[in-house]
Visitor: 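This is the structure I have questions about; it appears just below.
Note that the coordinates shown come from a computational prediction; the quantities given were computed from them, not determined experimentally.
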4 protein chains.
Amino acid sequence: MTDSYAPRPEDRFSFGLWTVGNRGRDPFGDFVREPLAPVDAVAMLAEVGAWGVNLHDNDLVPIDASPAERDRIVKAFKDACTRHHIVVPMATVNLFYDPVFRDGAFTANDPQVRAYAVQKTLRAMDLGAELGAKIFVLWGGREGTETDACRRPDDAIKRLREAVNYLCEYSIDRKYGFRFALEAKPNEPRGDIYMATTGAYLGFIATLDHPEIVGVNPEVAHEQMAGLNFLHAVAQAWEAGKLFHIDLNDQVPGRYDQDFRFGSANIKSAFWLVKFLEDVGYDGPRHFDAHAYRTEDVCGVKEFARGCMRTYLILRDRAKQWNDDSEIQSLLADQRSPTPLAGRDALLATHFDRAAIARKGLAYERLDQLTMEVLLGVRT
Amino acid sequence: MTDSYAPRPEDRFSFGLWTVGNRGRDPFGDFVREPLAPVDAVAMLAEVGAWGVNLHDNDLVPIDASPAERDRIVKAFKDACTRHHIVVPMATVNLFYDPVFRDGAFTANDPQVRAYAVQKTLRAMDLGAELGAKIFVLWGGREGTETDACRRPDDAIKRLREAVNYLCEYSIDRKYGFRFALEAKPNEPRGDIYMATTGAYLGFIATLDHPEIVGVNPEVAHEQMAGLNFLHAVAQAWEAGKLFHIDLNDQVPGRYDQDFRFGSANIKSAFWLVKFLEDVGYDGPRHFDAHAYRTEDVCGVKEFARGCMRTYLILRDRAKQWNDDSEIQSLLADQRSPTPLAGRDALLATHFDRAAIARKGLAYERLDQLTMEVLLGVRT
Amino acid sequence: MTDSYAPRPEDRFSFGLWTVGNRGRDPFGDFVREPLAPVDAVAMLAEVGAWGVNLHDNDLVPIDASPAERDRIVKAFKDACTRHHIVVPMATVNLFYDPVFRDGAFTANDPQVRAYAVQKTLRAMDLGAELGAKIFVLWGGREGTETDACRRPDDAIKRLREAVNYLCEYSIDRKYGFRFALEAKPNEPRGDIYMATTGAYLGFIATLDHPEIVGVNPEVAHEQMAGLNFLHAVAQAWEAGKLFHIDLNDQVPGRYDQDFRFGSANIKSAFWLVKFLEDVGYDGPRHFDAHAYRTEDVCGVKEFARGCMRTYLILRDRAKQWNDDSEIQSLLADQRSPTPLAGRDALLATHFDRAAIARKGLAYERLDQLTMEVLLGVRT
Amino acid sequence: MTDSYAPRPEDRFSFGLWTVGNRGRDPFGDFVREPLAPVDAVAMLAEVGAWGVNLHDNDLVPIDASPAERDRIVKAFKDACTRHHIVVPMATVNLFYDPVFRDGAFTANDPQVRAYAVQKTLRAMDLGAELGAKIFVLWGGREGTETDACRRPDDAIKRLREAVNYLCEYSIDRKYGFRFALEAKPNEPRGDIYMATTGAYLGFIATLDHPEIVGVNPEVAHEQMAGLNFLHAVAQAWEAGKLFHIDLNDQVPGRYDQDFRFGSANIKSAFWLVKFLEDVGYDGPRHFDAHAYRTEDVCGVKEFARGCMRTYLILRDRAKQWNDDSEIQSLLADQRSPTPLAGRDALLATHFDRAAIARKGLAYERLDQLTMEVLLGVRT
């Protein structure tokens with residue numbers, strides 16, 4: 001049984017350096033784990049069976065590193081990746097940790113901060129390109145407010161657009177070939193974050209100078225913090241051709257950002273998500289943006305990483321079983337018709353027997369209970 | 001496989017008349033199902049394998065029924081119960097539907113409303129006693145506010161106490177032997193409902209004249225509406241000897257009251273709950289206070305009812321498997337020690353090596369992943 | 001004092017027939033108010049000082065009315081509007097009340113339902129055009145799921161797009177000149193509703209055949225149900241040229257749809273919203289999609305309607321005061337600079353002194369406290 | 001105007017050392033402010049007009065301080081308090097920051113952790129007593145779970161009870177005269193925290209050995225994180241004689257713990273709260289458990305502290321105005337009657353005219369709109 005749930009490279013499972021390297025600090029407590037050097041993180045990811053590693057610029061290179069230090073660090077990291085057969089599919093930039101970003105980065109009121117944020121991102125793009133990344137994620141964690149007195153939100157959007165357009169030009173000019181993936185979050189660490197949902201970013205992208213190279217990076221926890229149906233957000237992005245990356249983890253709705261092991265909080269939501277990604281043939285990275293509980297040591301961190309991938313693979317298996325289940329398929333066949341709308345005259349002339357239509361039960365309770373039983377492994 | 005998940009009377013599964021009889025009206029839409037006469041509901045419950053049926057007074061007897069009508073209806077209902085081997089473990093009173101209760105019942109500002117609510121409850125207790133119920137549930141769905149201008153909340157609590165004490169006296173004097181189970185809810189249909197959580201009622205009970213006959217009726221959806229951990233609420237009630245009844249259903253946190261089929265939204269929470277009830281030996285009714293989706297006809301309603309019970313039984317099975325899993329038990333054994341606190345002098349004299357204690361990983365990621373795999377049926 | 005907060009036609013305050021006509025039914029209780037005939041609603045709106053009235057097709061014309069009945073009703077309504085100097089700025093269609101829509105309208109699995117929904121909308125557009133409305137709102141209240149087993153969400157989006165494109169063609173062909181305003185909601189009455197946020201609709205609009213005539217109708221309560229910052233959603237819509245209409249009411253986050261009197265739950269959010277609408281010069285209707293508490297009779301309904309408008313006008317006054325406050329403006333001047341980003345070479349060559357930038361306090365606590373004091377009327 | 005909102009000692013405003021001393025670290029960012037030495041915090045509190053200062057043991061004395069260091073620090077702190085006329089009304093213990101508490105303190109699985117937590121608390125009680133505190137707060141921030149696999153929640157409650165009983169005995173034996181105030185929180189930093197609401201603690205207290213010396217310390221943000229009505233929780237505690245302390249701050253529902261300046265998020269809720277505390281004559285400390293935005297320097301921290309107190313005093317003024325408003329009082333008089341319930345025979349014999357009772361509007365819309373206008377300062 002174990003073998004069938006062992007991760008393989010073609011599963012395209014990736015982890016951020018900051019995920020297995022998370023040291024367990026939180027608003028009320030200190031670090032509980034030792035630092036994990038990037039090269040050791042790569043080794044650990046190889047050991048547990050991952051395919052890729054992602055990073056913020058400062059996960060690898062300290063913010064004040066000299067060019068020489070930077071080059072030495074990058075080289076050692078690339079060597080470790082090669083040695084362990086780990087790729088770097090995605091890179092991103094940390095625009096939130098340093099106090100300079102306490103009021104935002106691209107949207108900050110201080111024009112020096114905005115300029116510095118763009119400069120820092122250009123360099124992070126250089127780094128990402130050097131590591132072979134083709135996806136560049138932008139998470140504007142500090143782009144927000146505690147009080148809307150500080151700035152008009154439409155001004156914030158204009159600043160954000162100016163910055164993203166600037167970055168796109170840079171990628172195009174340098175021939176980096178990046179696809180940018182914008183990551184939404186409703187709040188935390190700011191009281192409110194602009195572009196609160198994946199939908200908001202889909203709307204924003206349509207207003208950019210280079211919309212074709214900009215998509216989204218939906219994160220399970222971020223939509224679920226607002227109690228939203230994550231599958232629906234992902235499906236909208238996919239259907240619009242904008243699902244450039246995805247962040248997998250888990251979260252109880254209406255709470256602080258929990259970043260739990262994938263599938264560990266909302267099994268059924270995770271199931272629909274995996275099923276959707278597999279059904280539509282999403283071929284990008286399956287990135288786990290999560291971290292181990294604070295109760296864990298390094299062994300627990302490995303269990304956490306293995307668990308993310310195993311749960312994905314178990315759910316993938318269940319999704320296949322669901323698709324192959326003849327009763328489920330028969331219920332679906334009864335109900336799903338692709339019939340397009342008739343022409344206008346025909347449509348206006350049609351009489352509909354509302355009562356007759358409404359009388360027929362749709363058997364969704366049965367369909368959902370069958371799903372439960374597939375999921376729980378009691379339907380064979 | 002099916003047989004092992006067929007409900008039996010000793011499972012003590014009950015449904016309210018209002019659950020299988022729910023006609024699917026909601027704030028934005030009309031009824032979608034025909035009325036289900038109480039005697040037909042009893043037959044349906046027998047057909048699907050339930051053990052008991054619960055009711056509000058007006059689920060059975062119309063609010064304006066004459067005494068003769070009432071007696072005729074009650075007799076027919078008792079006959080149906082007998083014929084179908086269905087018991088009535090719990091009764092309750094409808095203090096929310098009629099417009100007279102628009103500002104509350106026991107806590108309403110109008111003293112006539114408060115008096116009528118108590119009168120109506122006394123008669124509902126007579127009815128419950130006649131039907132053999134030993135548990136009387138009180139859900140104060142209208143006891144609340146849209147604006148706190150209308151009443152001081154401490155006055156509301158005093159009115160509530162006066163009413164509950166009054167009802168206790170009545171049960172004692174009439175030798176009905178009721179145990180009252182108070183059911184909390186945070187909001188809906190009122191903007192805010194007093195006694196928002198099971199915990200609030202546990203605190204309230206301690207201030208009553210007859211606390212020994214008053215406990216709680218926690219409902220999954222009601223705690224989860226506020227995003228709270230339902231298991232923790234149930235465990236507190238159980239540990240205090242106050243778990244007199246329980247309402248099983250499901251709910252996505254932070255939303256309107258959904259009353260979904262048991263287990264269908266939060267599988268893992270449902271698992272911990274079933275495991276707890278079984279582990280501690282809770283022997284009261286397992287009452288499903290839920291209803292079928294509005295897309296369903298009468299067949300869908302039966303599927304819904306069967307699904308509630310099947311999911312409970314599947315999870316009970318998984319709980320047993322969890323308890324029997326040697327790796328899980330070994331992880332638990334490492335970590336759980338009942339050692340009581342030392343005496344004060346010894347305790348104050350002890351030196352604790354904080355760093356050493358904090359270094360040890362607790363393996364909760366492993367434990368939780370094993371739980372996932374038990375639940376998903378891939379651990380054998 | 002009263003006079004300065006009396007509504008005037010140029011304030012463009014409108015109410016739906018369904019708002020002052022709300023009869024107070026909810027999931028747990030029956031009607032508490034008598035029906036209010038549309039012509040009487042118009043009279044009431046005139047009495048309290050409103051400028052416009054909006055309607056769903058079936059607020060005015062029963063779903064099964066004959067053409068002759070329809071025409072008679074419409075004529076009487078138009079006469080009442082004329083007599084009372086009330087305009088009809090917006091019309092919409094009810095695709096949620098009738099049981100035929102229990103699984104959605106444009107996205108329902110049954111192709112007959114989808115076709116009927118479009119047909120019904122075309123006729124509602126005819127009605128709206130006849131009444132002079134130039135805005136047509138589409139709220140897909142039933143477009144959603146209780147279980148994602150029933151339909152792939154990307155299929156739902158395709159169906160929705162097909163329908164909206166169809167409606168746009170109709171408006172263009174008939175020269176109705178409608179601007180469509182799409183209204184998002186995260187859940188209720190469905191477990192999850194597709195297009196959960198205003199942002200989702202902004203993304204969707206970019207994929208339509210006629211995006212230029214489609215915008216959004218954000219509703220305070222709908223974004224706040226998901227705990228989102230409503231101002232930010234409105235600002236994004238405005239900045240994109242898509243704020244075609246707005247629904248004003250109030251709501252405590254994370255609950256059922258409350259539709260409270262404007263400003264009555266979140267005073268500060270309401271203030272920022274009014275300030276934004278006034279600052280940017282939004283000149284569309286200020287539509288109150290709210291209803292009176294269930295405790296109210298017809299006098300209370302009028303108080304409710306008056307209160308919506310008065311609170312708006314008080315907040316508008318406070319916004320002006322905020323804009324005129326010299327200390328506030330001085331704090332803002334210190335912090336807001338429109339400086340655009342430098343060219344790339346200059347930007348890359350700049351050295352930023354992060355520590356120096358981060359040392360400077362931004363005085364947002366002061367700014368927010370001043371806002372509080374403007375709002376509370378203690379700053380003169 | 002300013003003078004009437006200047007804080008005075010009799011207002012009993014207190015701040016924790018950790019509030020004005022908060023350095024602005026959050027899950028995604030580093031410190032933004034320099035450390036504030038306890039003696040300097042005392043000076044700052046005196047400067048802004050506070051009456052009292054509260055502390056966790058380690059806010060003042062480092063966890064590894066020698067007895068001599070401790071005594072020196074405590075002496076300097078007492079001197080500063082005396083010099084600045086600042087009292088220490090409440091003390092508490094930090095059972096959450098050190099990694100040893102990563103799985104809880106009193107409820108941790110490791111018996112050494114439980115023992116150490118009690119030992120640490122006894123010493124914190126010694127410290128509190130030495131500083132003159134008469135209230136001892138217990139916030140079990142780490143008493144919880146990320147997975148309920150780790151421990152049965154009823155075991156956790158038993159451990160918690162054992163610990164609290166132990167602490168009560170110690171206070172009694174040492175004649176410290178403490179009143180313990182238990183502080184609930186639903187989640188963060190743990191996935192779920194046991195005793196999630198003030199109500200849960202009220203229920204728990206009834207099961208202790210010395211319930212008379214144990215009450216609660218409700219915190220605005222903690223109840224509002226779960227979307228609950230804070231006033232109702234406070235009123236229940238007050239009515240039960242258990243409101244021993246209160247933590248004032250503010251919070252948007254359904255989010256991470258924000259600890260905003262009092263009144264700055266939910267003005268109306270803050271108003272009802274202040275009105276209640278003043279109306280019932282609560283004479284305990286008004287403790288602000290909040291902190292300045294991360295955008296602020298030390299001037300901003302003072303503005304924050306001043307703003308907490310000013311807003312309280314403005315709202316107190318508004319509450320008085322509300323109580324003195326003749327129209328408001330007349331509406332209340334119409335509706336509030338203390339009539340107790342009639343005797344049973346009389347009650348059972350009464351006929352109630354439901355329709356007549358339900359016909360009368362309750363004028364709560366008017367009452368609430370008047371409240372809005374008092375609050376906004378437009379009603380004179």
Visitor: Could you measure the distance from the CZ atom of C:Arg359 to the CZ atom of D:Arg33? Nearest 0.5 Å is fine.
Guide: 15.5 Å
Visitor: Could you have a look at C:Gly254, C:Gly263, C:Ser264, C:Ala226 and say which one has the most heavy-atom pairs with chain D under 4.5 angstrom?
Guide: C:Ser264
Visitor: Measuring from C:Leu362:CG to D:Arg294:CZ, what's the distance to the nearest 0.5 Å?
Guide: 11.0 Å
Visitor: What distance do D:Leu376 atom CG and C:Leu315 atom CG have between them, rounded to the nearest 0.5 Å?
Guide: 6.0 Å
Visitor: I'd like to know which of D:Arg318, D:Lys268, D:Gln369, D:Lys302 tops the heavy-atom pair count under 4.5 Å against chain C.
Guide: D:Gln369
Visitor: Checking the side chain of D:Glu296 only, and the main-chain atoms of C:Tyr364 only, is there a donor and an acceptor separated by less than 3.5 Å?
Guide: yes
Visitor: Report which part of C:Ile314 has an atom under 4.5 Å of a heavy atom belonging to chain D: side chain, backbone, both, or neither.
Guide: side chain
Visitor: Run the side chain to side chain contact (heavy atoms under 4.5 Å, CB included) check on C:Glu373 and D:Arg310 step by step: do they pass?
Guide: CA-CA 9 Å; C:Glu373 299 187 15; D:Arg310 273 183 73 79; 2.7 Å; yes
Visitor: Which pair of non-hydrogen atoms, one from D:Ile267 and one from C:Met372, has the smallest distance, and what is that distance?
Guide: CG1-CE, 3.9 Å
Visitor: Among C:Glu34, C:Glu303, C:Lys360, single out the residue with the greatest number of heavy-atom pairs under 4.5 Å to chain D.
Guide: C:Glu303
Visitor: Look at C:Arg261 together with D:Asp368 and state whether they make a salt bridge at an N to O cut-off of under 4.0 Å.
Guide: yes
Visitor: With chain D, which of C:Gly300, C:Ala358, C:Gly227, C:Ala363 has the greatest number of heavy-atom pairs at distances under 4.5 Å?
Guide: C:Ala363
Visitor: Between C:Arg255 and chain D, with a heavy-atom cut-off of 4.5 Å, which part of the residue counts as in contact: side chain, backbone, both or neither?
Guide: side chain
Visitor: Does any heavy atom of chain D fall under 4.5 Å from the side chain of C:Arg306, the backbone, both, or neither of them?
Guide: neither
Visitor: Go through the steps for C:Val252 and D:Gln224 under the test side chain to side chain contact (heavy atoms under 4.5 Å, CB included), then give the verdict.
Guide: CA-CA 10 Å; C:Val252 177; D:Gln224 289 186 349; over 6 Å; no
Visitor: Could you pull out the closest heavy-atom pair between C:Glu365 and D:Phe304, with the gap in Å?
Guide: CD-CB, 3.7 Å
